[in-house]
Protein chains: 2
Amino acid sequence: MTDSIEDWPTGRLLSVAARLVEQRWRERLDQAQLTHAGLIVLHLLADHPLTLGELARRARVTAQTMGRTVDNLARDARVRIVVDPVDRRRRLVERTEAGIRTMESLTGLEVSMFPPLADPAEFREQLLQIIRHVGGDPQITYGDAR
Amino acid sequence: MTDSIEDWPTGRLLSVAARLVEQRWRERLDQAQLTHAGLIVLHLLADHPLTLGELARRARVTAQTMGRTVDNLARDARVRIVVDPVDRRRRLVERTEAGIRTMESLTGLEVSMFPPLADPAEFREQLLQIIRHVGGDPQITYGDAR
DNA sequence: CTCCATTACTAAGCGCGCTGAGTATCATAC
DNA sequence: GTATGATACTCAGCGCGCTTAGTAATGGAG
């Protein structure tokens, strides 16, 4: 006994909380055949197409991870991947009609999805503090890295 | 531009923060041939052996996930898995000498690992609020579930 | 003692993180 | 015009979450 979750180090609590919230999302997104990672991508593409690398940078994941997530979205026809004619190394990702419709059916959900907190604004600020401190500036790293 | 991370919904910030902190851990734990999940298990086993299911319940993961994590620890000889002679369905997990030594070499790290916050206690309280709200009571579910 | 539900765990498979190691394509230097 | 280096992305592989679908052992009911 005694080692209840109240005694856990903060980092561990953070992981658990994130996992549980994501799981809550999953329950809801399963109906729409979407994942949390996929939702983020669709969101990032709201205004205009982006390259794979730019998506990765903004989502704070590696290009490899983003590549797979985008592939999954493309497989489900939520997104289209086109080679940039100007720079053929680049893959431009853009939402399909289906992708846009999917997003529209989920608007406003982000807010209602999150459990109520005593001080939501303060909580956000603390999260941003952590991200800025640990994450530094987003800089996609490939295999080579430095 | 304009869609900087400041505008992200809180749930997404939570995921990113957790991921970045875990990654910070990874950098440190790689040296000790350990993972974040493995560290949690070793921590939970500090006082006495536990069954696989009990470990899963306390870590708030499924028995399947815990099974694999424990297997990995056993492979690296950080942990020993013995069949409970009283109830042969149960697998008791206990730390080995190596596992204990590994833990000792990491004491105090949990605190220094976490980035400084304006109000750490308040932050913890909010995380616990989320966990209690979303996680409910820990209840391991297997394939059957309900 | 046998049947049957429950419990504890395993197996298989998927998504999302990661790393390390390629392969194209572009841009620059010469 | 051809080397050289940087950039953008892919491939392979691992750990940790999850789900769905088993198997083995226990514990009651009869």
Side-chain angles (χ1 to χ4, degrees), chain A residues 15-27 29-30 33-41 50-57 59-73 75-76 81-93 139-146, chain B residues 15-27 29-30 33-41 50-57 59-73 75-76 81-93 139-146:
Chain A
S15 295
V16 172
R19 196 152 45 71
L20 293 175
V21 170
E22 267 194 65
Q23 209 164 334
R24 205 175 148 79
W25 265 107
R26 194 175 307 147
E27 289 167 15
L29 291 176
D30 272 355
Q33 289 257 267
L34 205 63
T35 64
H36 194 241
L39 177 67
I40 293 175
V41 171
L50 289 172
T51 64
L52 221 162
E54 191 58 27
L55 280 170
R57 201 182 62 77
R60 307 260 178 156
V61 299
T62 62
Q64 295 90 318
T65 293
M66 185 51 75
R68 198 170 23 180
T69 299
V70 165
D71 279 347
N72 288 341
L73 280 172
R75 181 200 54 197
D76 298 340
I81 306 173
V82 291
V83 174
D84 185 340
V86 179
D87 183 342
R88 297 209 313 287
R89 288 172 303 179
R90 289 185 148 91
R91 270 89 230 263
L92 287 169
V93 186
Q139 200 93 337
I140 15 163
T141 57
Y142 303 94
D144 47 300
R146 106 192 40 280
Chain B
S15 296
V16 171
R19 196 154 45 70
L20 293 176
V21 170
E22 266 195 64
Q23 206 163 335
R24 204 174 148 79
W25 265 106
R26 194 175 309 147
E27 289 166 16
L29 291 176
D30 271 357
Q33 288 258 267
L34 205 63
T35 64
H36 194 241
L39 177 67
I40 293 175
V41 171
L50 290 172
T51 64
L52 221 161
E54 189 59 25
L55 279 171
R57 200 181 64 75
R60 308 263 179 154
V61 299
T62 62
Q64 294 89 321
T65 292
M66 185 51 76
R68 198 170 21 180
T69 300
V70 165
D71 281 347
N72 287 341
L73 280 172
R75 181 200 54 197
D76 298 341
I81 306 173
V82 291
V83 174
D84 185 340
V86 180
D87 182 344
R88 297 209 312 288
R89 288 172 304 179
R90 289 184 149 93
R91 268 91 230 263
L92 288 169
V93 185
Q139 200 92 341
I140 15 163
T141 57
Y142 301 95
D144 46 301
R146 95 198 53 278

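Everything quoted here is computed from the prediction, not taken from an experiment.
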(Q) Taking any heavy-atom pair under 4.0 Å as a contact, classify B/Gln23: base, sugar-phosphate, or nothing. (A) sugar-phosphate

(Q) Nearest whole Å is fine: how far is D/dG15 C1' from B/Leu73 CG? (A) 12 Å

**Q.** Selection from C/dC18, D/dT10, C/dC9 that lies nearest to any side-chain heavy atom of B/Arg90
**A.** C/dC9

**Q.** Short side-chain N/O contact to D/dC16 OP1/OP2 from B/Thr35, under 4.0 Å
**A.** yes

**Q.** Atom pair distance, as rounded to whole Å: CG in A/Asn72 and C1' in C/dG17
**A.** 13 Å

(Q) Using a heavy-atom cut-off of 4.0 Å across all strands, would you classify A/Thr65 as base, sugar-phosphate, or nothing? (A) base

(Q) Expressed as a whole number of angstroms, how long is the span from B/Ile81:CD1 to C/dA8:P? (A) 17 Å

Q: To the nearest Å, give me how far apart CZ (B/Arg88) and C1' (D/dT23) are.
A: 14 Å

**Q.** Min side-chain heavy-atom separation A/Asp84-A/Arg91 under 4.5 Å
**A.** no

**Q.** Set of residues satisfying side-chain hydrogen bond (donor to acceptor under 3.5 Å, both in side chains) with respect to B/Arg90, sequence neighbours excluded
**A.** B/Asp87

(Q) With a 3.5 Å distance limit and no angle check, can you tell me whether B/Arg60 reaches the backbone of A/Arg19 through a side-chain donor-acceptor pair? (A) no

Q: May I ask you to verify whether the side chain of B/Arg68 and the base of D/dG17 hold a donor-acceptor pair under 3.5 Å?
A: yes

Q) For D/dC9, does either OP1 or OP2 sit under 4.0 Å from a side-chain N or O belonging to A/Arg89? A) no

Q: Using atom CG of B/Asp30 as one end and atom C1' of C/dT19 as the other, report the distance to the nearest whole Å.
A: 9 Å

(Q) On DNA chain D, compare the nucleotides closest to B/Glu22 and A/Leu92; which residue's is nearer the 5' end? (A) A/Leu92

(Q) Using a 4.0 Å heavy-atom cut-off, does B/Arg75 contact any base of the nucleic acid, only the sugar-phosphate backbone, or nothing at all? (A) sugar-phosphate

Q. In whole angstrom, what separates B/Met66's CE from C/dA11's P?
A. 17 Å

Q: Please list, chain by chain and in numerical order, all residues satisfying side-chain hydrogen bond (donor to acceptor under 3.5 Å, both in side chains) with A/Ser15, sequence neighbours excluded.
A: B/Glu22

Q.
Quick one, A/Thr35 and A/Asn72 - any side-chain contact, counting heavy atoms below 4.5 Å?
A. no

(Q) Let me spell it out: for each of A/His36 and B/Ala63, pick the nucleotide of DNA chain C with the closest heavy atom. Which residue's pick is nearer the 5' end? (A) B/Ala63

Q: Look at the side chain of B/Gln64 against the base of C/dG13 and say whether a donor-acceptor pair falls under 3.5 Å; ignore hydrogens and angles.
A: no

Q | Contact under 4.0 Å: A/Thr62 side-chain N or O vs C/dC18 OP1/OP2 | A | yes

Q.
Between C1' on D/dG17 and CD1 on B/Ile40, what's the gap in Å once rounded to a whole number?
A. 12 Å

Q | Separation of atom CG in B/Leu50 from atom P in C/dA8, rounded to whole Å | A | 14 Å

